[in-house]
Amino acid sequence: MGSFLFLNLRLLNDQTLENATGVGALPWTWPRDEQVIDLVHKSIYAFVAGALADRLVPGPPRPAVPRAGWTVGQPA
């Protein structure tokens, strides 16, 4: 899920900066094959970055233990 959100953020950031600086054209003016190549490259980048982050960032040291009053649907 995080990789998908990062992909959208990456696309938004890239297009905003390119168009704000005047070095890029609007994506819908690109040939279809260039649009596909751009999306594929950015998708690979986002999902590889997410996979690396998942491998490098350690998870919690132990599983979470439910506590009284903190479980949904049970009285406190």
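Residue numbers count from 1 along this sequence.
With a 4.5 Å cut-off on side-chain heavy atoms, Leu39 and Leu7 do not count as touching. Between Ile37 and His41, the closest side-chain pair of non-hydrogen atoms falls below 4.5 Å.
Take Ala51 and apply the side chain to side chain contact (heavy atoms under 4.5 Å, CB included) test, not counting sequence neighbours, and it matches no residue. Partners of Leu52 under the side chain to side chain contact (heavy atoms under 4.5 Å, CB included) rule, at least two apart in sequence or in another chain, are Val48. The side chain to side chain contact (heavy atoms under 4.5 Å, CB included) test applied to Val40 returns Val36, Ile44, not counting sequence neighbours.
Between the CG atom of Leu11 and the OG atom of Ser43 there is a distance of 7.0 Å, given to the nearest 0.5 Å.
The shortest heavy-atom contact between Gly50 and Ser3 is CA-OG, 3.5 Å.
By the 4.5 Å side-chain criterion applied to Ile, Leu, Val, Met, Phe, Trp and Tyr, Tyr45 is assigned to a cluster that also includes Phe6.
The list of salt bridge (Lys or Arg N to Asp or Glu O under 4.0 Å) pairs with a residue in residues 17-40, not counting sequence neighbours, reads Asp38-Lys42.
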Check residues 22-30 and write down every donor-acceptor pair under 3.5 Å in which the side-chain atom is one partner and the other belongs to a residue at least two apart or another chain.
unit_1 : atom_1 : unit_2 : atom_2 : d
Thr29  : OG1    : Leu26  : O      : 2.5
Trp30  : NE1    : Ala25  : O      : 3.1
Trp30  : NE1    : Leu26  : O      : 3.4

